[in-house]
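Here's the structure, in structure tokens; my notes come after.
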Amino acid sequence: MIGRSLAEDKITRHPGLGRVGWNRRSFLKLAVGAMAIRSPGQTPPNPWSSPVIDAHFHFRATDAALQHMDGAGIARAVLLTGVAQDSTAAAAPADRFTRFTSVDVTRADAIDRLKQAALAGTRGFGEMKSQVAADGPGMRRVYELAAEVGLPVLLHFQEFSDPASVGTFNTGIERLPALLKEYPRTMFIGHANSFWAHISADVPANVAYPTDNVKPGGMTDRMLSEFPNLYGDLSATSGRNALARSPEFSVEFLKRHQD
């Protein structure tokens, strides 16, 4: 995950939910602290030069999840769950998993379900992946709730359908800067092919994973510099592909946005 420092840290109190929010300091402490964590009696093999946190781990049965994590040398994971899986995910070992919760925002009870998840201890909303506009009324209600309870929102941005992910999700990424300005108390985490295609100033139409060299000045690069409430989720093919396009550019990109 990458982003930019905030000028100050805040915890939000929400009527009926209380002090459930994250500030930037607790967000980073959780990540850093997780590097030293292991389940009691376990010493998972670590093939990497430093401990690994998987920031985008889709829900699966706990035993299968732990087996995968241990085999890959992953110390901790952000467990992305739907509201129907949330109670099961809550029982996953707290020293290995941090739970995020998602819901289809077209549901009439979407906000109520996210409020219930916040009360039950979820640490973020996501991966939010509904076939709606990013600045539509359903998503705006999510941003408002996220600001009230102090939880981050992980968004899948996809402007056109792809065989690996059929449909369009959170469309209108070109309007994301306006949303970041409008909701300064909401912590946004951008993800998926449209978010990372905009690492370049040239964004080819209908190409999920561009391979041409990055042209400096891309919207994602600019937003990460300008908005302290935006982070980037580098997981999956989208993030890996973005960094692979121009390795020299990517080194400087990561230096700029490592926080």
Side-chain angles (χ1 to χ4, degrees), residues 1 3 12 14-17 20-22 27 55-56 58-59 78-86 99-120 122-162 165-198 203 208 219-220 222-224 226-233 235-236 238-239:
M1 210 98 69
T12 304
H14 181 264
L17 293 179
V20 298
W22 284 19
F27 183 78
H56 195 105
H58 284 283
F59 179 82
V78 175
L79 189 62
L80 307 178
T81 65
V83 291
Q85 305 157 334
D86 210 39
R99 189 170 87 257
F100 275 32
T101 304
S102 66
V103 66
D104 182 351
V105 298
T106 64
R107 291 176 52 143
D109 64 347
I111 298 303
D112 287 340
R113 298 297 293 271
L114 289 177
K115 286 181 179 178
Q116 292 169 11
L119 284 168
T122 199
R123 303 307 300 275
F125 299 144
E127 173 186 15
M128 301 302 296
K129 189 179 178 181
S130 299
Q131 298 198 44
V132 296
D135 56 354
M139 291 307 300
R140 286 180 178 274
R141 286 191 287 269
V142 175
Y143 307 147
E144 290 164 2
L145 176 63
E148 290 173 1
V149 300
L151 297 180
V153 182
L154 171 61
L155 295 160
H156 181 110
F157 289 101
Q158 184 172 324
E159 296 292 328
F160 50 87
S161 187
D162 181 75
S165 180
V166 177
T168 60
F169 307 95
N170 294 312
T171 55
I173 192 170
E174 71 278 1
R175 300 188 295 276
L176 180 56
L179 286 172
L180 294 167
K181 290 179 182 178
E182 187 174 351
Y183 297 97
R185 293 172 52 240
T186 302
M187 185 187 294
F188 291 78
I189 306 172
H191 170 66
N193 46 29
S194 291
F195 184 81
W196 286 115
H198 280 275
V203 183
M219 184 175 69
T220 294
R222 297 196 314 271
M223 288 189 299
L224 287 167
E226 183 177 351
F227 297 102
N229 57 330
L230 177 65
Y231 288 76
D233 176 353
S235 62
S238 53

Considering all heavy atoms, the nearest [X]-[Y] contact:
{"X": "Ala146", "Y": "Thr186", "answer": "CB-CG2, 4.0 Å"}
{"X": "Ser235", "Y": "His56", "answer": "OG-CB, 3.0 Å"}
{"X": "Leu114", "Y": "Thr101", "answer": "CD2-O, 3.9 Å"}
{"X": "Ser161", "Y": "Gln158", "answer": "CA-NE2, 4.0 Å"}
{"X": "Thr122", "Y": "Leu151", "answer": "O-CD1, 3.7 Å"}

Quiz item: Step by step, would you call Phe100 with Glu127 a side chain to side chain contact (heavy atoms under 4.5 Å, CB included)?
Solution: CA-CA 8 Å; Phe100 275 32; Glu127 173 186 15; over 6 Å; no
Can you list everything that forms a side chain to side chain contact (heavy atoms under 4.5 Å, CB included) with [X]? Sequence neighbours excluded, please.
{"X": "Val203", "result": "Ala197, His198"}
{"X": "Ala236", "result": "His191, Ser238"}
{"X": "Asp104", "result": "Thr106, Arg107, Ser130"}

Quiz item: Tell me the salt bridge (charged side-chain N to carboxylate O under 4.0 Å, His left out) pairs involving residues 136-146, sequence neighbours left out?
Solution: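 Listed once each, the pairs are Arg140-Glu182.
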Could you tell me whether the side chain of [Y] reaches within less than 4.5 Å of the side chain of [X], counting heavy atoms only?
{"X": "Phe169", "Y": "Glu159", "value": "no"}
{"X": "Leu79", "Y": "Phe59", "value": "yes"}
{"X": "Ile173", "Y": "Met219", "value": "yes"}
{"X": "Leu180", "Y": "Glu226", "value": "no"}
{"X": "Leu176", "Y": "Phe195", "value": "yes"}
{"X": "Met128", "Y": "Met139", "value": "yes"}

Quiz item: With no hydrogens and no angle check, is any side-chain donor or acceptor of Trp196 less than 3.5 Å from a backbone partner on Gly232?
Solution: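 No: the side chain of Trp196 does not pair with the backbone of Gly232.
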Quiz item: Quick check: does any side chain N or O of Arg185 sit under 3.5 Å from a backbone N or O of Ala147, one acting as donor and the other as acceptor?
Solution: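 The answer is yes, because a donor-acceptor pair under 3.5 Å joins these two groups.
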Quiz item: Stepwise, does the side chain to side chain contact (heavy atoms under 4.5 Å, CB included) test hold for Leu155 with Ile189?
Solution: CA-CA 6 Å; Leu155 295 160; Ile189 306 172; over 6 Å; no
Exercise. Under the side chain to side chain donor-acceptor pair (under 3.5 Å) rule, collect the residues that match up with Thr81, sequence neighbours excluded.
Key: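 With sequence neighbours excluded, Thr81 shows a side chain to side chain donor-acceptor pair (under 3.5 Å) to Asp86, given in chain and number order.
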Quiz item: Could you state the interatomic distance from CG (Asp162) to CZ (Phe160), rounded to the nearest 0.5 Å?
Solution: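 Output value for this atom pair is 7.0 Å.
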Quiz item: What's the verdict on side chain to side chain contact (heavy atoms under 4.5 Å, CB included) for Lys129 and Ser165, showing C-alpha distance, side-chain angles and the deciding distance?
Solution: CA-CA 11 Å; Lys129 189 179 178 181; Ser165 180; 3.0 Å; yes
Quiz item: Among all residues two or more places apart in sequence or in another chain, which pass the ring pair (Phe, Tyr, Trp, His ring centres under 6.0 Å) test with Phe157?
Solution: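 Result, ring pair (Phe, Tyr, Trp, His ring centres under 6.0 Å) vs Phe157: none returned.
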Quiz item: What pairs with Phe188 under ring pair (Phe, Tyr, Trp, His ring centres under 6.0 Å), at least two apart in sequence or on another chain?
Solution: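 Partners of Phe188 by the ring pair (Phe, Tyr, Trp, His ring centres under 6.0 Å) criterion, ordered by chain and then number, come out as Tyr143.
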Practice problem: Would you check, one step at a time, whether the test side chain to side chain contact (heavy atoms under 4.5 Å, CB included) holds for Gln85 with His58? | Solution: CA-CA 11 Å; Gln85 305 157 334; His58 284 283; over 6 Å; no
Exercise. Output every pair passing side chain to side chain donor-acceptor pair (under 3.5 Å) with a member in residues 168-179, not counting sequence neighbours, ordered by first then second residue.
Key: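 Output for this query lists Asp135-Arg175.
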